[in-house]
Novice: 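Take a look at this one; I'll ask things after.
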Amino acid sequence: MTDDVERHNAKMAKKKAARDKIMAGKTEEKGLVIVHTGKGKGKSSAAFGMIFRCIAHEMPCAVVQFIKGGMETGERNLIQGHFGDLCEFHTMGEGFTWETQDKSRDIEMAQAAWEKAKELIRDPGNRMVLLDEINIALRYDYIDVDEVIAFLKAEKPPMTHVVLTGRNASEALIEAADLATEMELLKHPFRSGVKAQAGVEF
């Protein structure tokens, strides 16, 4: 038993030394372009987790929702009700495209959301800007992905983080990102007839 403990401790000490050496070389700070995509749940949830971290650190931030419309969400209620001084929240979409059934209106709303997003990103006071479900608007060509990438490269302030969520992120956007995560669907209660529920989906 003693030998096992000693071997374990030696192994952990070696691992820590290697980890410390790696971490010593990571000294740069910069604003990141972050993409959350994939068919699995958790893209927006993870992004809002980062927004709440910014709020906890008293770092000004902002949210632009490109698709979700009048539906009430816990994140929006909490932010607008308690943290509006630190986080601007703009719900610009009017629902998913199959709900609105008005492509020209969807394009108009997506373009308006993108203009608001650019305004918020240009402000160096905002440390993080979340573009929630923008990947859906990009997939449907409501906004030009090349324009988005070019804007982020040319005009995003050096220390501002921008998070882009939604399924089907383009390869070009993933390539342009500093951090990209794909949420993989393994199992979902919707397939068993369970509807979206407060506290889990919204």
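Note: hydrogens, waters and symmetry copies are ignored here, and every other heavy atom, side chains too, is used.
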Novice: Looking only at atom types and distance, does a side-chain atom of T165 sit under 3.5 Å from a main-chain N or O of A47, one as donor and one as acceptor?
Specialist: no

Novice: Taking all non-hydrogen atoms of both residues, which atom of P60 and which atom of E58 are closest, and how far apart?
Specialist: CD-O, 3.6 Å

Novice: Heavy atoms only: give me the nearest K156-G31 pair and the separation to one decimal.
Specialist: NZ-O, 3.1 Å

Novice: What heavy-atom pair brings A177 and V35 nearest, and what distance separates the two atoms?
Specialist: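 Taking every non-hydrogen atom into account, CB-CG2, 3.7 Å.
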
Novice: Look at atom CZ of R53 and say whether more than 12 heavy atoms of other residues, nucleotides or ligands are closer to it than 6.0 Å.
Specialist: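 No, CZ of R53 has 12 or fewer neighbouring heavy atoms, counting only those of other groups under 6.0 Å.
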
Novice: Roughly how far apart are E175 CD and S170 OG, rounded to 0.5 Å?
Specialist: 10.5 Å

Novice: Could I get the full list of side chain to side chain contact (heavy atoms under 4.5 Å, CB included) partners for A137, not counting sequence neighbours?
Specialist: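 A137 satisfies side chain to side chain contact (heavy atoms under 4.5 Å, CB included) with F66, A110, Y142, I143 only.
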
Novice: Examine I107 and I67 and state if one hydrophobic cluster contains both, with Ile, Leu, Val, Met, Phe, Trp and Tyr joined whenever side-chain heavy atoms are less than 4.5 Å apart.
Specialist: yes

Novice: Mind running salt bridge (charged side-chain N to carboxylate O under 4.0 Å, His left out) on K103 and D106 for me, showing each step along the way?
Specialist: CA-CA 5 Å; K103 184 175 181 179; D106 289 343; over 6 Å; no

Novice: Got a second to check how far N126's CG is from E119's CD, nearest 0.5 Å?
Specialist: 9.5 Å

Novice: Return the CE to CE distance between M92 and M109, rounded to the nearest 0.5 Å.
Specialist: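 Nearest 0.5 Å value for the CE-CE distance: 6.0 Å.
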
Novice: Start with the C-alpha gap between E147 and W114, add the side-chain angles, then the distance that decides, and say whether side chain to side chain contact (heavy atoms under 4.5 Å, CB included) holds.
Specialist: CA-CA 10 Å; E147 178 190 339; W114 175 233; 2.9 Å; yes

Novice: With rounding to the nearest 0.5 Å, note down the distance linking CD in E88 to CD in Q80.
Specialist: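 That separation rounds to 11.0 Å.
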
Novice: Would you call L138 and L173 a side-chain contact if the rule is heavy atoms closer than 4.5 Å?
Specialist: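 Result yes, sub-4.5 Å side-chain heavy-atom pair found.
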
Novice: With R139, which residues qualify under side chain to side chain contact (heavy atoms under 4.5 Å, CB included), at least two apart?
Specialist: N168

Novice: Test of understanding: with side chain to side chain donor-acceptor pair (under 3.5 Å), list the residues that count as partners of K14, not counting sequence neighbours.
Specialist: none

Novice: For M159, which fellow cluster members are found when Ile, Leu, Val, Met, Phe, Trp and Tyr are connected by side-chain heavy-atom distances below 4.5 angstrom, either directly or through intermediates?
Specialist: none

Novice: So which residues get pulled into L86's cluster when ILVMFWY side chains under 4.5 Å apart are joined, directly or through others?
Specialist: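 Reading the cluster by chain and number, L86 sits alongside L32, I34, F48, M50, I51, F52, I55, V63, L78, I79, F83, F89, M128, L130, V163, L179.
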
Novice: Side chains of V33 and K153, heavy atoms from C-beta outward: is any pair under 4.5 Å?
Specialist: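 Side-chain contact under 4.5 Å: no.
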
Novice: Identify the heavy atoms of S44 and E133 that sit nearest to each other, and give their distance.
Specialist: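 Nearest heavy atoms, S44 then E133: OG-OE2, 3.9 Å.
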
Novice: Can you find a heavy atom in the side chain of K118 that is under 4.5 Å from one in the side chain of F151?
Specialist: yes

Novice: Do R76 and T91 have a side chain donor and acceptor closer than 3.5 Å?
Specialist: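 Their side chains do contain a donor-acceptor pair, which is all the 3.5 Å distance test asks for.
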
Novice: Assess the residue pair V64 and L120 against the criterion (side chain to side chain contact (heavy atoms under 4.5 Å, CB included)); give the C-alpha distance rounded to whole Å, side-chain angles, the decisive distance to 0.1 Å, and a yes or no.
Specialist: CA-CA 9 Å; V64 180; L120 293 166; 3.5 Å; yes

Novice: Report the residues that fulfil side chain to side chain contact (heavy atoms under 4.5 Å, CB included) with Q197, sequence neighbours left out, ordered by chain and then residue number.
Specialist: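 For Q197, the residues satisfying side chain to side chain contact (heavy atoms under 4.5 Å, CB included) (neighbours in sequence not counted) are V194, E201.
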
Novice: Could you state whether V148 and Y140 fall into the same hydrophobic cluster, counting links through intermediate Ile, Leu, Val, Met, Phe, Trp or Tyr residues with side-chain heavy atoms under 4.5 angstrom apart?
Specialist: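 Yes, one cluster joins them.
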
Novice: Within the side chain of T37, is there an N or O that forms a donor-acceptor pair under 3.5 Å with the backbone of G166?
Specialist: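 Flag set: sc T37 to bb G166 pair under 3.5 Å.
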
Novice: Hey, are the side chains of N135 and R167 touching, using non-hydrogen atoms and a 4.5 Å cut-off?
Specialist: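 Heavy-atom side-chain distance check fails, nothing below 4.5 Å.
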
Novice: Does K43 come within less than 4.0 Å of D132, counting only side-chain N to carboxylate O?
Specialist: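 Here K43 does not pair with D132 in a salt bridge, since their nearest N and O are not under 4.0 Å apart.
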
Novice: Can you see which heavy atom on I174 is nearest to which on A180, and at what distance?
Specialist: CG2-CB, 4.0 Å

